[in-house]
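Some notes on the structure that comes next.
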Amino acid sequence: MSDAVAAAHRQLVVHRDLKPSNVLVTETEGGPQVKLLDFGIAKLLDDSMPVTAPQTETGHHLLTPAYAAPEQVRGTDVSTRTDVYQLGVLAYELLAGRRPFEVSGKSLTEIERIVLEEDPPNPSTRAGEQAGRLQGDLDTILQKALRKEPERRYGSVEALAADVRRHRTGQPVDARSASLGYRAKKFVRRYRWGVGVATAFLVLIAVAGTMLVQQRNRAQRNAERAQREAKTAEQVSQYLSSLFEEADPNFAQGDTVTARELLRLGTQRVGELDDQ
């Protein structure tokens, strides 16, 4: 449908009365085809061509109350963004099953107050079991299309349609702020299988790295323990050798050292070693 409205805009025509009864969908060999009907209150943006249009039964304004944009209700200038608003109303009704505003049976004064002052609820809050599908991007897209200020809506029907396509393909939509977390979430959803494989690969690398570090630390501890034991053995050897050397100056010539002498010298040396 957006293509049909965009085609009208390229001809400088604003339909300004988009509603279900003015949309005809026909089945063709190439798939469904949308046609816009009843350009009776359409407006030419190029004033060089005179256009006459009948008045509707809503005071002096040309509109259908249930689908009218705020600028139509105010009686100010309309533009292509007026059709963007009405496309938002149609999309809201299609997805949520209800229109943004219920104006049936209300007076014109009440309709003006509702359309100009009240903010539409998110469609997900009115969609029942389908709420989960609408939360997030679709809520944001429709709320942008339904802004009361035309300059805050999508700049064109093509921009609205492009955001809908981005949502359907899992890409970040322009209607939302481009935060890092939001873009990362969209990326993960779009490439779920690849991200899963990459994550598993990184986990394997992390586990392997941890095991290598543990093995290196274990080997280092074993090496340090071996060095301490070798040093201890060397100290013991030096200790015993010093006992025999101090017991008798003639020990080197092969004289016998008495056990009593060795014990006396050993006890004396142990006291000198403190905590070693």
Side-chain angles (χ1 to χ4, degrees), residues 95 121-125 127-144 159 162-276:
L95 294 174
N122 285 331
S124 62
T125 63
E129 296 180 356
Q130 300 299 320
R133 297 177 56 248
L134 305 184
Q135 287 178 344
D137 284 351
L138 286 176
D139 276 342
T140 306
I141 289 172
L142 293 182
Q143 288 289 6
K144 183 172 182 178
D163 237 8
V164 173
R165 284 194 295 271
R166 277 189 283 269
H167 165 70
R168 294 182 63 185
T169 56
Q171 301 179 35
V173 299
D174 288 344
R176 296 189 65 171
S177 58
S179 64
L180 179 60
Y182 170 68
R183 291 189 175 277
K185 183 178 179 181
K186 282 293 184 180
F187 181 85
V188 170
R189 287 183 176 179
R190 196 161 64 249
Y191 302 105
R192 187 170 303 170
W193 186 86
V195 171
V197 172
T199 301
F201 182 70
L202 291 176
V203 170
L204 288 176
I205 291 178
V207 171
T210 302
M211 294 178 63
L212 288 175
V213 171
Q214 291 176 345
Q215 290 178 355
R216 185 196 65 182
N217 293 339
R218 188 179 300 111
Q220 186 175 356
R221 288 193 298 270
N222 291 337
E224 292 174 353
R225 186 181 301 109
Q227 290 177 355
R228 288 195 301 269
E229 291 175 353
K231 185 176 181 179
T232 300
E234 182 181 359
Q235 290 175 344
V236 170
S237 177
Q238 291 176 354
Y239 170 74
L240 293 176
S241 297
S242 67
L243 288 181
F244 282 99
E245 290 174 354
E246 294 180 9
D248 192 339
N250 299 321
F251 173 71
Q253 285 71 34
D255 293 342
T256 303
V257 179
T258 65
R260 185 180 299 276
E261 184 66 15
L262 288 176
L263 289 174
R264 183 186 65 78
L265 292 173
T267 301
Q268 180 182 349
R269 290 295 305 278
V270 167
E272 297 174 356
L273 295 178
D274 296 330
D275 295 333
Q276 297 184 28

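- Annotation: side chain of L134 is not in contact with side chain of L142 (no heavy-atom distance under 4.5 Å).
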Under 3.5 Å, which donor-acceptor pairs do the side chains of residues 198-209 form with other protein atoms, sequence neighbours left out?
unit_1, atom_1, unit_2, atom_2, d
T199, OG1, V195, O, 2.7

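- In this structure, P123 and D139 have side chains that are in contact, with non-hydrogen atoms separated by less than 4.5 Å.
- Remark: the backbone N or O of Q135 is not paired with any side-chain donor or acceptor of N122 at under 3.5 angstrom.
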Show every donor-acceptor pair shorter than 3.5 Å between a side-chain atom in residues 221-233 and any protein atom, with sequence neighbours excluded, or say none if there are none.
unit_1, atom_1, unit_2, atom_2, d
N222, OD1, R225, NH1, 2.8
N222, ND2, R218, O, 3.3
T232, OG1, R228, O, 2.8

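- Note that CG of L138 and CD of Q143 are 11.5 Å apart. Values are rounded to the nearest 0.5 Å.
- A side chain to side chain contact (heavy atoms under 4.5 Å, CB included) with I141 is found for one member of H167, R176, R166 and no other, namely H167.
- Not a single side chain to side chain donor-acceptor pair (under 3.5 Å) links T140 to another residue, sequence neighbours left out.
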Apply the test side-chain contact (heavy atoms from CB on, under 4.5 Å) to residues L212 and R216: give CA-CA distance (whole Å), side-chain angles for both, the deciding distance (0.1 Å), then the verdict.
-> CA-CA 6 Å; L212 288 175; R216 185 196 65 182; over 6 Å; no
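- Residues forming a side-chain contact (heavy atoms from CB on, under 4.5 Å) with R133 (at least two apart in sequence, or on another chain): Q130.
- A search for side chain to side chain donor-acceptor pair (under 3.5 Å) contacts involving E234 returns Q238, not counting sequence neighbours.
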